[in-house]
Every structure is written in structure tokens, then in C-alpha cells.
Amino acid sequence: SYDELKKCTNNFSDSNEIGSGGYGKVYRGMFSDGQVVAIKRAQQGSMQGGLEFKTEIELLSRVHHKNVVGLLGFCFEQGEQMLVYEFMPNGTLRESLSGRSGIHLDWKRRLRITLGSARGLAYLHELANPPIIHRDVKSTNILLDEHLTAKVADFGLSKLVADSGKGYVSSQVKGTLGYLDPEYYTTQQLTEKSDVYSFGVVMLELITARQPIEKGKYIVREVRLMMDKNDEEHYGLRELMDRSIRNPGTLIGFGRFLELALQCVEESAADRPTMSELVKAIETILQNDG
Ligand code: ADP
């Protein structure tokens with residue numbers, strides 16, 4: 001209830017605020033049984049928020065997967081719109097990569113995070129009924145739980161594929177610059193392969209720790225420029241790599257990981273793998289490590 005949510009966040013005090021998005025703020029709360037939750041509270045009177053909230057509730061109440069952030073409940077009372085989620089104590093993947101959260105992600109951990117979030121997305125694409133295109137895959141929408149397990153979050157922009165009946169979704173674009181499928185500009189359509197493109201950008205972030213666009217430069221293009229076919233160990237990429245994992249030759253499956261990331265960001269959707277193909281490929285890398 002509203003009163004309970006109000007109480008467990010100390011009346012939505014600033015000290016319990018953990019983030020904010022387009023629609024409003026996110027608060028940390030604790031229920032009387034000790035369970036910690038994240039509460040998304042829409043800004044009062046934001047129609048847009050209302051619509052996005054409804055989409056998110058509809059989608060999340062159908063989705064159950066260990067790599068998708070679970071919705072615990074919602075509250076529409078006294079003009080308030082709130083969604084209650086499981087709390088993800090280790091924040092967003094972006095925070096870890098930028099060094100702000102103080103969590104060091106070693107290469108193996110990065111592989112596991114890739115696998116987890118790819119599984120979450122593959123589930124949405126292929127197992128959720130009806131299938132769901134996320135439409136805003138990015139490192140700030142991948143959250144880490146207490147075991148650093150990755151979970152996909154933020155369904156505000158998602159749409160059911162079945163809504164359109166055509167296997168794709170067309171509407172005005174709202175995804176994030178730097179992650180957006182280049183085919184969208186010509187086709188005006190977002191497909192599962194658009195999520196794959198965005199995910200490829202996230203994989204490049206895992207290698208470089210850079211944002212998709214920094215100082216006007218696109219990470220996808222920067223990585224391609226550094227690639228040299230005769231450099232099998234990919235030492236040419238060293239300059240661009242995250243300091244803490246800077247030696248490609250010592251990283252298991254690095255070459256394969258890079259190859260997969262670059263396939264995901266192919267200009268043409270047909271050249272990109274599906275999410276479940278990607279899941280299998282990452283599983284293979286991790287298995288080969290024993
Ligand atoms: P946006 O709309 O900008 O994508 P979100 O609504 O996903 O933002 O959330 C804003 C911020 O709140 C996130 O960047 C994250 O730091 C935090 N956050 C969101 N959901 C959770 C959660 N379940 N657990 C912990 N922190 C969260």
C-alpha cells in the first residue's frame with residue numbers, strides 16, 4: 001500500500017534516493033520483514049510516465065527469469081504511481097565499468113555478466129509469451145545483484161512484438177544514442193536484432209570501459225579502426241582497453257569475444273547473431289576455460 005511504501009522509504013527521503021530516470025525517481029526501501037526493495041516513483045502528473053508504467057507492469061508481470069529484474073508489486077494510490085522491484089545492491093554495470101561503484105570486474109566476471117544478460121534477453125526474445133523486444137539495452141539498464149549476477153532492467157520502452165503482429169515494432173524512436181541499431185534509420189523498425197546491436201555495444205564497453213560515444217567518437221568505429229587482421233593477439237586494441245584488463249593475450253576467449261561483439265554490431269541485421277546463438281557462443285568460451 002501507499003502508506004507502507006511511504007514508511008519503508010522514510011517518507012521518500014533524499015537519503016533513500018538511489019537514482020532517477022525520465023519518469024521520476026528510484027528509492028531504496030525496506031519492508032517490515034527486512035526485505036530490501038527498489039521503488040520507482042513516477043513524477044506527479046506525468047502522462048508519459050503513466051503510459052510507460054502500464055507497459056512495464058504488463059510486461060513484467062509475465063516475465064520470470066533469473067536474469068531479468070523481477071517486479072514485486074505496484075501501487076496506484078492517491079495519485080501516485082509506483083513500481084516495486086527486487087533491490088540490486090551492486091548497481092548498474094555502467095557504474096562498475098566507470099569505477100564509481102568500487103567493484104572491480106575481472107575478465108571472467110565480465111564473461112559471466114555477458115552470459116547472464118544475454119540469457120535474460122534471449123529469454124525475452126524467444127521464451128517470453130508473447131516475445132518482447134527490450135528496445136533500450138544499455139549498460140545502465142543492466143543491474144548487478146549481491147553475487148554480481150547480471151539482470152536486465154527497465155522495460156519502460158519495451159513493446160510486445162505481438163502488438164504489431166508483424167514481428168517488428170515501429171514507432172518513434174526512443175532508444176539511446178550510441179546503442180541504436182543503424183538499420184532503424186532506414187527501416188524505421190526495431191527488431192530483436194536491434195537489441196543484439198545494442199548488446200554488442202555493451203560488449204565493447206566491457207572490453208574498453210568506455211561509453212558508446214565519448215568526445216564525439218563512437219566506440220564501434222574506434223574499435224574497428226584499431227583492428228588489424230595480422231594482429232592475432234589483438235594487441236592493437238590495447239590502447240582502447242580498460243586499464244584493469246589491459247593484456248588481451250592473457251584473457252580467455254578474448255579474440256572470440258571480440259569477434260562476437262563485432263558481429264553483433266554489424267550494420268546489417270542479417271549478419272548479426274540471434275541472442276540465443278550468442279548465449280551458446282559465450283557458454284562455449286566459459287566451458288573451454290574449465
Ligand atoms: P532510466 O529510466 O534512466 O533507465 P531507471 O528507471 O532504470 O532509469 O533507474 C534509474 C536508476 O535507479 C538506475 O540507473 C539505478 O542506479 C537505479 N535502480 C533502478 N532500479 C534499481 C533496482 N532494482 N535496484 C537498485 N537500483 C536500481
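Whatever order the structure lists them in is the order used to number ligands and atoms, beginning at 1.
Scanning N141, L143, I39 for the heavy atom closest to atom 20 (N) of ligand 1 points to L143. Comparing V84, T176, T92, N90 against atom 16 (O) of ligand 1, the shortest heavy-atom distance belongs to T92.
Residue contacts with ligand 1 for R28 are absent, since no atom lies close enough (heavy atoms, distance under 4.0 Å).
Annotation: salt bridge (Lys or Arg N to Asp or Glu O under 4.0 Å) contacts of K193 (sequence neighbours excluded): none. Looking at residues two or more places apart in sequence or on another chain, you find a side-chain contact (heavy atoms from CB on, under 4.5 Å) between D145 and M88, H147, T149, K151.
Near M88, meaning under 4.0 Å from any of its heavy atoms, are these atoms of ligand 1: 22 (C), 23 (N), 24 (N), 25 (C). The contact set between ligand 1 and A38, taken as ligand atoms under 4.0 Å from a residue heavy atom, comprises 21 (C), 22 (C), 23 (N), 24 (N). Each of the following atoms of ligand 1 lies closer than 4.0 Å to a heavy atom of G19: 11 (C), 12 (O). Of all atoms in ligand 1, listed by their number and element, those nearer than 4.0 Å to a heavy atom of F87 are 24 (N), 25 (C).
Salt bridge absent: R272 and E266 never bring a charged side-chain N and a carboxylate O closer than 4.0 Å. Between D154 and R135, no side-chain nitrogen of the basic residue sits less than 4.0 Å from a carboxylate oxygen of the acidic one, so the salt-bridge criterion is not met.
Polar contact with ligand 1: absent for K138 (N/O pair, distance under 3.5 Å). Considering backbone and side-chain atoms alike, K40 places an N or O below 3.5 Å from some N or O of ligand 1.
For the residue pair T92/R94, the side-chain donor-acceptor check at 3.5 Å is not satisfied. Between the side chains of K25 and S20, no donor-acceptor pair of N or O atoms lies under 3.5 Å. Residues E205 and Y179 bring a donor and an acceptor atom of their side chains to less than 3.5 Å of each other.
Heavy atoms of R94 stay at 4.0 angstrom or farther from ligand 1.
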